There are 2 protein chains.
Amino acid sequence: MSVRRRSGTREKVLEVALALANARGLHRVTTAEIAEAARINEGNLYYYFQRKAQIAEALFALFAEATLAVAERAIAAPGDPAAYADYQRGWFRLMWDFRAFYRDATELRAMAPSLREAMQSVSARGQEAVRRVFADMRAHGLMRASDAEIEALVCNIWIVSSYWMDFRGIEAEEELRPEDLAFGQRQVEALYAPYLTASGQAVVRAAAATGGP
Amino acid sequence: MSVRRRSGTREKVLEVALALANARGLHRVTTAEIAEAARINEGNLYYYFQRKAQIAEALFALFAEATLAVAERAIAAPGDPAAYADYQRGWFRLMWDFRAFYRDATELRAMAPSLREAMQSVSARGQEAVRRVFADMRAHGLMRASDAEIEALVCNIWIVSSYWMDFRGIEAEEELRPEDLAFGQRQVEALYAPYLTASGQAVVRAAAATGGP
DNA sequence: GTCTATAATGAGATAGAC
DNA sequence: GTCTATCTCATTATAGAC
């Protein structure tokens, strides 16, 4: 029985690797550091991951699963502003939990070229999901925008969401600072705010109310 | 005479280093590659730059000068939409010429920590200049926006301007593709378009007319 | 100023004992 | 599965001849 109940070393490695990657970027973290943080020997690390790139790939698998779950979760109560604010909160939570994949995407691709296609796919599905949410808001009279405007908006939301942390220059082992997440949230809201109808304004108010992470 | 008219080797090094940095990022370019591209020996490279970081610093000095020239150039004809489109074109030209400093700012800081402060200073002055241009547009009836809206707008413009190339995943030795610059331009225009007055729309039309780089 | 070595480092990765 | 010991390799940097 319980063939899968093994040591858990592999999981521990991924856990500390993600923490280190989020703090400093996986490309700036050595295998020696990961092993030390996981409290195992470096040689043992290579028993589980024959290449450093395989760590990146395993972490990405977790990220992809989490992203699609957030992106494609149905809006709980279509037409209710609070539901869209909730949806947005899911994205910000994800962004923080896997900030390495937002901030260091280019370096991760360089480290594990196999991620290139996978990243594109996840990004495309994520953007498509956001596009549908805006169309949904429009259908419910919360937003007024042309298809072309929504298109450009989704792109800009993706860019600002992906890079606001880098822009803020978040560094090293700093802890989660609620003000920082709030900054990103405000910048993203500023992107779609001009397209909200009078009743749509409630989305931003609901987001502000549910505020922190 | 002409004490300054020396071999030009130093200038040649900076020239090829910038080209390589723009193509692949300075942190992914070795001193051996730079020397080879400059057609000098690696030892000779170290005669001019004792540390690789000094190359980054010298390039940044060029970038800073160019940035401030673009940012703080006066609007030729205040109130004329074409003049603002022209101003915007200056920024996109700069972005392309020094795209390494937009795309790889984090890695450049890691390579030459002394750049940290300098980058912040240039960024702050650049944003302040853009803020003033929007205030100017508003004063001339081309834009309608509150101070808070302009504040968030400037931030988002800075983020999208800085990272749209990374978002597009421009890679390796690819040549300048006009479509790519046009993409960035459209995304930036989409940011401020909602705040333009009827007469302000002409800014976007003028930018489209002057199109390419 | 420019070159030919060559040192010094640091990181990823492997072999094989336990 | 885990460890110790070691290898390989790329890259930055230096010494010193020309």
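Residue numbering restarts at 1 for every chain, and letters A, B, ... go by the order of the sequence lines. If you're wondering where the values come from, they're calculated on a predicted model, not measured in any experiment.
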To the nearest Å, how far apart are [X] [atom1] and [N] [atom2]?
{"X": "E36(A)", "N": "dT2(D)", "atom1": "CD", "atom2": "C1'", "answer": "17 Å"}
{"X": "N41(A)", "N": "dG12(C)", "atom1": "CG", "atom2": "P", "answer": "15 Å"}
{"X": "L20(B)", "N": "dT11(D)", "atom1": "CG", "atom2": "C1'", "answer": "16 Å"}
{"X": "L45(A)", "N": "dT4(D)", "atom1": "CG", "atom2": "P", "answer": "14 Å"}
{"X": "E11(B)", "N": "dG1(C)", "atom1": "CD", "atom2": "P", "answer": "11 Å"}
{"X": "E33(B)", "N": "dT12(D)", "atom1": "CD", "atom2": "P", "answer": "9 Å"}
{"X": "F49(A)", "N": "dT14(C)", "atom1": "CZ", "atom2": "P", "answer": "15 Å"}

ask   = Checking ring pair (Phe, Tyr, Trp, His ring centres under 6.0 Å) for the pair Y87(B)/F92(B): CA distance, chi angles, key distance, verdict?
value = CA-CA 9 Å; Y87(B) 181 76; F92(B) 273 84; over 10 Å; no
May I ask you to evaluate whether [X] reaches the phosphate of [N], defined as a side-chain N or O under 4.0 Å from OP1 or OP2?
{"X": "N44(B)", "N": "dT2(C)", "value": "yes"}
{"X": "Y46(B)", "N": "dA15(D)", "value": "no"}
{"X": "T31(B)", "N": "dT11(D)", "value": "no"}
{"X": "Y47(B)", "N": "dC3(C)", "value": "no"}
{"X": "R51(A)", "N": "dT14(C)", "value": "yes"}

task = When you get a sec, tell me which of dG1(C), dA13(C), dT2(D) is the closest nucleotide to the side chain of T9(A)?
result =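 Among dG1(C), dA13(C), dT2(D), the one nearest the side chain of T9(A) is dT2(D).
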ask   = Choosing from dC3(C), dT4(D), dT2(C), which nucleotide comes nearest the side chain of I40(B)?
value =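 For the I40(B) side chain, the nearest candidate turns out to be dC3(C).
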Electrostatic pair [X]:[Y] at N-O distance under 4.0 angstrom:
{"X": "R125(A)", "Y": "E128(A)", "answer": "no"}
{"X": "R28(B)", "Y": "E107(A)", "answer": "yes"}
{"X": "R93(B)", "Y": "D97(B)", "answer": "yes"}

message = Considering every strand and a 4.0 Å limit on heavy-atom distances, what is the contact class for E42(B): base, sugar-phosphate, or nothing?
response =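 Answer is base: heavy atoms of E42(B) come under 4.0 Å of a base.
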